Amino acid sequence: MKSIHVRYFATFREKAGIASETLELDVETTSDVFEQTRDRHGSAEPSAHCKVAVNDVMANWQTPVADGDTVLLFPPVAGG
Amino acid sequence: MFTINDQAIDSEALKNAMAEPAAGGFCVFEGWVRNENEDRPVERLEYEAYEPLCITEGEAVLAEAAERFGILGARCQHRTGLLEIGECAVWVGVAAAHRDEAFKACRYIIDEIKVRLPIWKKEHYVDGPSVWVNCERCSKHQTAKPPG
């Protein structure tokens, strides 16, 4: 198990009812984090429609996560 | 330079700061808050952003535009918070020796900004509950269209 600090944004934050939390998760990649927190962020979206960052660096869904990492889960973006 | 904050965008000040004697063309794109979307009347928009990564990614987009199109200068400012109809949400300015590279770089910057930066837009409607654009709407479309 790894201790992962997860941050939720926009609709994910509203659905989770919390902006961030630290979870003990059995995960290897960012994709695992997304799937194992689906009951929190409530996304009906596949991860491919969303973005992810690790420790404030843009990542992808194959990016490995380590104990103590901060994973930022971004719903589909809509700037401009 | 890429900047993002909750202050009203001052287009004239942004443009004036980019004065460049070698520039023969200056291209501006402004994204404004529109009063409807997909036939629904919109009352106002709310932008949320994760600013640290917006700045990193926004600066990368501007650097790419400079590299690709050989422009003399580029600037983008995005706004966050509650915006009313007609207000400017995003401003892109590009100075170049000639119009062709100014137009192309300006288009490149706004297109990339819209799909790469962690920015989210909530539409507040006149006739119903607010919706995060590209989020709830995607799943709603799979089930039922909103009333009206």
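Computation of the quantities below employed the complete heavy-atom set of this structure, encompassing side-chain atoms and omitting hydrogens, waters and symmetry-equivalent molecules. Chain letters run A, B, ... following the sequence lines, proteins first, then strands; residues in each count from 1. This one's a predicted model, so the numbers in the text were calculated from it and none came from an experiment.
No more than 12 heavy atoms of other residues, nucleotides or ligands sit less than 6.0 Å from atom CD of Glu67(B). Atom NE2 of His5(A) is surrounded by more than 12 heavy atoms from other residues, nucleotides or ligands within 6.0 Å. Counted within 6.0 Å of CZ on Phe26(B), heavy atoms from surrounding residues, nucleotides or ligands total more than 12; the atom is thus considered enclosed. Surrounding NZ of Lys2(A) are more than 12 heavy atoms belonging to other residues, nucleotides or ligands, all under 6.0 Å away. For Arg99(B), the CZ atom is loosely surrounded, since the number of other residues' heavy atoms within 6.0 Å does not exceed 12.
Neither the backbone nor the side chain of Glu46(B) comes within less than 4.5 Å of any heavy atom in chain A. With a 4.5 angstrom heavy-atom cutoff, Leu53(B) touches chain A only via side-chain atoms. For Val92(B), no part lies under 4.5 angstrom from a heavy atom of chain A.
In plain terms, the two heavy atoms of Val77(A) and Val115(B) that are nearest each other are CG2-O, 3.5 Å. Considering all non-hydrogen atoms of both residues, Arg13(A) and Trp132(B) come closest at NH2-CZ2, 4.5 Å.
Among Cys76(B), Pro52(B), Pro118(B), Ala49(B), the residue with the largest count of heavy-atom pairs under 4.5 Å with chain A is Pro118(B).
One N or O on the side chain of Tyr47(B) and one on the backbone of Gly80(A) form a donor-acceptor pair closer than 3.5 Å.
Using cut-offs of 30° and 60° for the angle between ring planes, the Phe74(A) and Trp120(B) rings count as tilted.
Using a 4.5 Å cut-off on side-chain heavy atoms (C-beta onward), Arg116(B) and Met58(A) make no contact.
The side chain to side chain donor-acceptor pair (under 3.5 Å) analysis of residues 7-23 of chain B, with sequence neighbours excluded, yields the pairs Ser11(B)-Glu30(B).
Salt-bridge formation is detected for the pair Lys122(B)/Glu14(A): a Lys NZ or Arg NE/NH1/NH2 atom is positioned less than 4.0 Å from an Asp or Glu carboxylate oxygen.
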